[in-house]
Amino acid sequence: MPALSRRAFLRGAGVAVSLPMLDAMRPAFAAEKPAVPRRMIAIQTNMGILPQNFFPAETGTDYEPTAYLELLKEYRDKLTVFSGVSHPDVDGAHEAERSFLSAAPHPGGAGFRNSISLDQYAAEQLGPVTRFPSFVLDVNAEGTQGMVFSRSGVKVPSEKSPAALYKKMFVQGNPAEVEARVADLGRGRSALDFVSDDAKRLGKKLGPADKDRLDQYFSAVRDLERQLELGQEWERKPKPKSTAPAPTDVTENKKLIDKIRLMLDIARLGFESDSTRVVTLFVNTFSIVADLPGVKDETHSITHHGGRKEALDQLFTIEAAQFKVLAQFLGGLAGVAEGGETLLDRTMVLYGTPMGNAASHDNRNLPVLLAGGGFKHAGHLKFDAKKNYPLPNLYVSMLQRMGIPAEKFASSTGTLTGLRAG
């Protein structure tokens, strides 16, 4: 008897009933190869990128590399540079950093409320396939800065310590510690239930505006409850092992490049161990005087360079250093084999900024690139600089590449023209 498919059904009178796992299915089941996961990381550097050092003059795959793209030349055939793209109706100068992954309109406006960011949408759709639905990382973020938001528009807390994240990924507690952690999670769920009931009673006494705020609170509570439930399920499962040594945190903000490198190293370990498949890294350089040769002024002040050579030289030093670290990260992914490919082939690396011109606080013509992910990369895809192409179209393409059947995200109008899956 030929092996039955594990997707076999009993059918009759318009009814289909799925079958349980039967012995007759096992040969077919055993022959199926486990799916090799796809992953994504989104990196935002929040103070812009000098466009003259980023955008090539030519389109297609035969472009002459600019100064920054020259630093990525080893991965030229594995990346696509986009020009003439932006988020429709996302303005507000520096405030646009909050909408980089959500495309929520008018982030600088009164009463702005964010929407779900790309990474959280992906993590939500993937479900509990990994111990951590996502890593939300930041370098030097201050106050409410960040780009990761839940479905309810609430900012998701970020991790600043690579050492703490390494411990969460790889250090297994003893049985008593594990059970104590599970108990903590259980108490957290009970506390949330109690607060939710109390808040519902309060809601009956509130006006429309306060009720709207309360609805947002309930959504945030539900988001957290879901994370706590998943945490309980994963807490008793053995953690993966790593041969990489535990990192030591860099605490000085001026050590900008060292901090970025450490965060990208921990992101790669997260992917390599399949601890997570979704990562974001927010890099704040606003008030930082980077510890780099020739840099003596804070980044924000020199973005308003007025064409001064000294300021432009400092910006080049800061931005080129970030591209060198990006190249090292791509190299690290390319050096890991997975399922007959490399980790870079399985991982989409989105890199960009919410300002096309930081000197004028312009939120259009954003410098953005996508590396890896197994796409048939197109070199330089150039769109209309006056009537920008919607960047959320790229986000739809990324979601679909993750295996998520998304037809729309935020203000998208489809998938991204000119970018095809490999």
Side-chain angles (χ1 to χ4, degrees), residues 42-51 54 82-121 136 138-158 208-210 212-213 215-217 219-220 280-288 298-306 315 319 350-368 383-395 409-413:
I43 306 165
Q44 177 193 160
T45 179
N46 72 333
M47 288 305 300
I49 296 170
L50 288 170
F54 182 78
F82 307 97
S83 60
V85 299
S86 63
H87 290 312
D89 298 320
V90 171
D91 45 27
H94 294 291
E95 299 297 333
E97 66 188 28
R98 296 190 288 173
S99 293
F100 184 67
L101 289 183
S102 68
H106 308 304
F112 170 73
R113 179 172 172 178
N114 219 325
S115 53
I116 191 167
S117 52
L118 172 68
D119 60 304
Q120 294 304 294
Y121 184 90
V136 180
D138 87 60
V139 168
N140 295 342
E142 300 175 351
T144 60
Q145 282 187 312
M147 60 176 176
V148 176
F149 291 82
S150 70
R151 180 167 292 280
S152 57
V154 175
K155 182 180 177 296
V156 177
S158 58
D210 282 337
D212 183 63
R213 295 189 189 98
D215 287 341
Q216 183 177 358
Y217 166 76
S219 296
T280 60
L281 174 58
F282 176 83
V283 179
N284 172 43
T285 66
F286 186 91
S287 59
I288 307 303
E298 66 175 23
T299 305
H300 180 236
S301 65
I302 55 177
T303 60
H304 298 287
H305 47 75
L315 277 177
E319 293 173 4
L350 176 72
Y351 188 91
T353 174
M355 286 192 285
N357 187 332
S360 60
H361 288 172
D362 186 5
N363 299 124
R364 297 178 58 75
N365 297 314
L366 305 182
V368 175
F383 298 99
D384 195 327
K386 293 184 178 179
K387 188 178 180 181
N388 281 184
Y389 187 83
L391 184 57
N393 284 18
L394 173 60
Y395 294 177
F409 181 82
S411 52
S412 68
T413 59

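All values below were derived from every heavy atom in this structure, side-chain atoms included, with hydrogens, water molecules and symmetry-related copies excluded.
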Trainee: What distance separates D362 CG from D91 CG, expressed to the nearest 0.5 Å?
Mentor: 10.5 Å
Trainee: Classify the side-chain pair N363/S86 by whether it contains a donor and acceptor separated by less than 3.5 Å.
Mentor: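 No, because no side-chain N or O of N363 sits under 3.5 Å from a partner of the opposite role on S86.
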Trainee: If you look at every heavy atom in S115 and S102, which pair is closest and at what distance?
Mentor: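 Result for this residue pair: O-CB, 3.5 Å.
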Trainee: What residues form a ring pair (Phe, Tyr, Trp, His ring centres under 6.0 Å) with F409, not counting sequence neighbours?
Mentor: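 Here the qualifying residues are Y121.
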Trainee: Determine the minimum heavy-atom distance between M147 and A42, stating which atoms define it.
Mentor: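 Shortest heavy-atom contact: CE-O, 3.5 Å.
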Trainee: Strictly distance-based, threshold 3.5 Å: is any side-chain N or O of Q145 a donor or acceptor partner for the main-chain N or O of E142?
Mentor: yes
Trainee: Take L350 and Y395 through the side-chain contact (heavy atoms from CB on, under 4.5 Å) test and state the conclusion after the steps.
Mentor: CA-CA 10 Å; L350 176 72; Y395 294 177; 3.8 Å; yes
Trainee: According to ring pair (Phe, Tyr, Trp, His ring centres under 6.0 Å), who are the partners of H305, at least two apart in sequence or on a separate chain?
Mentor: none
Trainee: What pairs of residues pass the salt bridge (Lys or Arg N to Asp or Glu O under 4.0 Å) test when at least one of them lies in residues 97-108, not counting sequence neighbours?
Mentor: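 Sorted pair list: E95-R98.
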Trainee: Can you tell which of N140, N46, T45 makes a side-chain hydrogen bond (donor to acceptor under 3.5 Å, both in side chains) with N284?
Mentor: N46
Trainee: Measuring from atom OG1 of T280 to atom CD of Q120, what distance do you get when rounded to the nearest 0.5 angstrom?
Mentor: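 Rounded to the nearest 0.5 Å, the OG1-CD separation comes to 7.5 Å.
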Trainee: Looking at every heavy atom in both S99 and V90, which two are closest together, and how far apart are they?
Mentor: CB-CG1, 3.9 Å
Trainee: D138: what forms a salt bridge (charged side-chain N to carboxylate O under 4.0 Å, His left out) with it, not counting sequence neighbours?
Mentor: K160
Trainee: Name all residues meeting the ring pair (Phe, Tyr, Trp, His ring centres under 6.0 Å) criterion together with H304; count only those two or more places apart in sequence or in a different chain, and write none if there are none.
Mentor: H300, H361
Trainee: What residues, two or more places apart in sequence or in another chain, satisfy ring pair (Phe, Tyr, Trp, His ring centres under 6.0 Å) together with Y351?
Mentor: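 By the ring pair (Phe, Tyr, Trp, His ring centres under 6.0 Å) rule, Y351 matches F323.
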Trainee: Quick one: does N388's side chain have a donor or acceptor within less than 3.5 Å of a partner on N365's backbone?
Mentor: yes
Trainee: Please assess L394 against V85 for the test side-chain contact (heavy atoms from CB on, under 4.5 Å), listing each intermediate value before the final yes or no.
Mentor: CA-CA 10 Å; L394 173 60; V85 299; over 6 Å; no
Trainee: Rounded to the nearest 0.5 Å, what separation is found between the NE2 atom of H87 and the CG atom of D89?
Mentor: 11.5 Å
Trainee: Say whether, by atom type as modelled, one donor and one acceptor occur between the side chain of R364 and the main chain of K386 under 3.5 angstrom.
Mentor: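 Judged by distance alone, yes, a pair lies under 3.5 Å.
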Trainee: Using modelled atom types only, decide if a donor and an acceptor are shared between the side chain of S117 and the backbone of F149 within a distance under 3.5 Å.
Mentor: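 Judged by distance alone, yes, a pair lies under 3.5 Å.
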Trainee: If you round to the nearest 0.5 Å, how far is CG of N114 from CG of L101?
Mentor: 9.5 Å
Trainee: About how many Å separate CG of L366 and CD1 of I49, when rounded to the nearest 0.5 Å?
Mentor: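 Interatomic distance, I49 CD1 to L366 CG, rounded to 0.5 Å: 9.5 Å.
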Trainee: Report the distance from atom OG1 of T353 to atom CD1 of I43, rounding to the nearest 0.5 Å.
Mentor: 12.5 Å
Trainee: Taking the side chain as every heavy atom from C-beta outward, state whether P51 and S83 have any pair of such atoms under 4.5 Å apart.
Mentor: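 Result no, sub-4.5 Å side-chain heavy-atom pair not found.
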Trainee: Taking Q44 for the side chain and F100 for the main chain, is one N or O donor matched with an acceptor at less than 3.5 Å?
Mentor: no
Trainee: Which atom pair, heavy atoms only, marks the closest approach of T285 to T299?
Mentor: O-CB, 2.9 Å
Trainee: Testing the basics here: between A358 and T303, what is the closest heavy-atom pair and its distance to 0.1 Å?
Mentor: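 So the minimum-distance heavy-atom pair works out to CB-CB, 3.8 Å.
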Trainee: Of the non-hydrogen atoms in P367 and G356, which two are nearest, and what is the gap between them?
Mentor: CD-CA, 3.8 Å
